[in-house]
Amino acid sequence: MTSARNVTAVFKRELRSYFESPVAYVFLVVFLALTGFLTFSVTQFYERRTADLQPFFFWHPWVYLLLVPAATMGLWAEERRRHSIELLLTMPITLSQAVLGKFLAAWLFLAIALGLTFPVVLTTMYLGKPDMGVVLCGYVGSLMMAGACVSVGMLTSSLTRSQVISFVLALVFCLLLLIAGWPPVTGFFTRWAPNWLVNGVAAFSLMPHFESMQRGVLDLRDIVYYACVMIFMVAATNVALDSRKSA
Amino acid sequence: MLEVRELRKSFGSFEAVKGVSFTVNKGEVLGFLGPNGAGKTTTMRMITGFLPPSAGTAIVNGHDITTHPVQAKGQIGYLPENAPSYDSMTVTDFLGFTAEVRGFRGSERRDRVEAAIKQCRLEGVRRQAIDTLSKGYRQRTCFAQAILHDPPILIMDEPTDGLDPNQKFVVREMIRKMAAQKIIVISTHILEEVDSVCTRAIIIANGTIVANGTPQELRSKSPTGRLDDVFRRLTIGGEEARND
């Protein structure tokens with residue numbers, strides 16, 4: 001009971017801190033402008049004359065790639081740089097409660113950004129009859145994808161005091177996860193690596209799991225995959241912070 | 001009672017704290033003296049549960065910091081070096097967060113925050129973001145979070161460092177007011193502070209305790225009877241002290 005309260009306290013503070021500074025508003029505006037531009041101008045949403053959100057969801061991984069590291073880079077790097085981590089971790093809470101609270105706050109912040117894209121859905125509904133099941137499934141997939149990226153960003157933020165380093169590391173790490181199953185990448189491995197390794201690397205990719213959800217296929221395995229990525233990254237953050245503060 | 005048992009801390013091959021032991025009882029204000037880099041901050045970070053000790057432990061009112069950290073941390077109010085806080089928050093919000101983590105809810109939480117604001121004279125700046133405050137107010141804001149839950153043990157790392165004489169006076173007044181009911185440990189390298197607030201002082205150099213006693217006892221260790229001389233003799237070695 002107290003552990004849930006502690007997580008909530010950290011979670012609320014962290015979420016609030018986004019909105020206390022201009023960061024949240026800049027982030028939300030850029031996120032919405034970018035997804036809107038890519039959906040309507042680049043993939044020509046209207047010209048396709050199909051009432052679905054494929055051109056919208058198609059861009060999400062790439063927008064996350066660019067923006068999630070910006071939203072997560074301060075999570076721990078800033079605490080360490082300003083030494084407020086010393087205050088936080090000498091309060092009667094455990095490190096894992098603090099880590100979980102921060103992760104959930106950053107994920108919810110991304111969920112708010114995602115939720116604010118609702119006019120795209122309304123536009124589609126106005127113009128035609130989209131399959132709402134597929135739309136919902138796409139949103140669930142996108143939310144899971146965002147969570148996975150947030151967890152990666154939180155891990156890189158715990159590794160350094162510098163927000164810039166955290167941003168760059170998160171970007172590279174997320175990019176690797178996104179393109180792990182892409183033919184040029186797997187092609188690089190097939191030349192010398194055994195088949196099982198190639199398939200193993202490809203299976204780590206975030207992309208295929210999102211693609212099936214975009215098409216409206218809600219498979220438990222995809223959800224489990226994303227949950228595993230998040231749990232692993234959150235646990236790794238815990239380990240990283242625990243060993244770094246004692247070093 | 002705060003009981004520190006054989007605390008040790010190594011960073012790689014460097015041993016910063018080499019077996020520090022002492023006890024502090026209720027009503028005592030312990031001054032933790034030493035030159036910069038002597039191991040004061042590291043020792044305090046271990047007692048407050050921020051750094052895990054390499055060996056030894058601290059028993060905080062019966063709770064072992066290494067085996068029951070959450071209970072032990074609940075007994076302590078801690079003012080870290082340079083008074084860190086969450087800069088973008090207002091004073092009230094920051095203290096509200098502290099109260100929440102300390103387990104206060106609803107009206108009790110509000111009352112605690114109000115009491116701390118009043119006690120640290122922060123009424124005038126309560127709605128201001130912490131990063132807009134002067135150093136003295138930031139220090140007092142961090143001080144407020146340390147005493148908000150009325151902890152039996154108060155640990156302060158250089159609480160008056162960088163403050164002007166008036167602000168120093170205010171902080172020392174607050175410490176003196178609370179001294180009778182609490183166990184207080186203050187680290188400092190300002191010797192006048194020992195005379196003005198401490199009932200006992202420990203001098204630490206190179207990670208070990210080199211003296212432990214009341215200010216009078218420490219003074220008697222030097223022919224001149226001055227704390228500065230005792231401090232210099234104990235922390236930089238007799239030879240060097242005589243030569244300057």
Side-chain angles (χ1 to χ4, degrees), chain A residues 1-27 74-102 105 109 161 163 238-247, chain B residues 9-12 14 41-42 44-54 60 63 65 68-90 93-94 96-105 109 129-131 138 141-142 145-146 148-149 151 155 157:
Chain A
M1 200 55 221
T2 47
S3 61
R5 278 177 170 187
N6 291 341
V7 172
T8 317
V10 175
F11 165 82
K12 283 199 308 205
R13 196 209 70 75
E14 195 64 44
L15 190 63
R16 231 170 136 160
S17 79
Y18 277 113
F19 291 95
E20 264 160 4
S21 62
V23 175
Y25 305 99
V26 171
F27 183 94
L75 281 179
W76 290 104
E78 192 64 4
E79 291 259 1
R80 289 179 53 190
R81 201 174 64 78
R82 293 189 181 276
H83 300 285
S84 50
I85 189 170
E86 197 171 338
L87 214 56
L88 182 65
L89 297 182
T90 51
M91 289 185 186
I93 63 172
T94 63
L95 178 59
S96 34
Q97 288 162 359
V99 170
L100 193 60
K102 275 180 180 275
F109 178 63
R161 270 167 216 274
Q163 299 206 34
N238 219 1
V239 172
L241 285 172
D242 204 35
S243 63
R244 300 221 126 218
K245 74 184 174 87
S246 58
Chain B
K9 184 72 195 175
S10 305
F11 299 101
F14 172 67
T41 298
T42 307
M44 291 194 146
R45 284 180 172 168
M46 288 192 280
I47 298 171
T48 53
F50 180 61
L51 287 180
S54 306
V60 182
H63 304 283
I65 191 75
H68 297 88
V70 174
Q71 289 88 330
K73 287 192 277 188
Q75 302 287 316
I76 299 176
Y78 179 39
L79 174 68
E81 200 177 6
N82 299 324
S85 53
Y86 291 107
D87 285 356
S88 62
M89 296 179 102
T90 66
D93 287 345
F94 171 64
F97 163 67
T98 316
E100 199 169 342
V101 176
R102 295 282 179 188
F104 300 113
R105 293 291 179 280
R109 176 178 160 212
I130 295 172
D131 56 5
R138 294 164 66 97
T141 305
C142 198
Q145 74 63 42
L148 176 130
H149 53 298
I155 295 179
D157 199 350

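Chain letters run A, B, ... following the sequence lines, proteins first, then strands; residues in each count from 1.
- Using a 4.5 Å cut-off on side-chain heavy atoms (C-beta onward), A:Leu87 and B:Gln145 make contact.
- Two residues are said to be in side-chain contact when any heavy atoms from C-beta on lie closer than 4.5 Å; B:Asp93 and A:Glu20 meet this criterion.
- A:Ser21 does not touch chain B: none of its heavy atoms, backbone or side chain, sits under 4.5 Å away.
- By number of non-hydrogen pairs under 4.5 angstrom with chain A, the leading residue of B:Pro80, B:Gly74, B:Gly12, B:Cys142 is B:Pro80.
- Residue B:Thr98 comes nearest to A:Met91 through the heavy atom pair CG2-CE, 3.7 Å, listed as atom of the first residue, atom of the second, then distance.
- Contacts of A:Gln97 with chain B are absent, with no heavy-atom separation under 4.5 Å from either backbone or side chain.
- Shown here is B:His63, whose NE2 atom has more than 12 heavy atoms of other residues, nucleotides or ligands within 6.0 Å.
- Comment: A:Lys12 engages B:Glu100 in a salt bridge, judged by a side-chain N to carboxylate O separation of less than 4.0 angstrom.
- Side-chain atoms of A:Pro92 and B:Arg102, non-hydrogen and from C-beta on, do get closer than 4.5 Å to each other.
- Comparing B:Tyr86, B:Tyr78, B:Phe94 by how many heavy-atom pairs each has under 4.5 Å with chain A, the most go to B:Tyr86.
- With a 4.5 Å cut-off on side-chain heavy atoms, A:His83 and B:Glu81 do not count as touching.
- When the options B:Asn82, B:Asp87, B:Asp131 are evaluated for a side chain to side chain donor-acceptor pair (under 3.5 Å) with A:Arg82, the one that passes is B:Asp87.
- In this structure, A:Arg80 places its CZ atom where more than 12 heavy-atom neighbours from other residues, nucleotides or ligands lie under 6.0 Å away.
- To the nearest 0.5 Å, atom CG of residue B:Leu79 and atom CD of residue A:Glu86 are 10.0 Å apart.
- Residue with the most contacts toward chain B among A:Val10, A:Ile93, A:Thr8, A:Thr94: A:Ile93 (heavy-atom pairs, distance under 4.5 Å).
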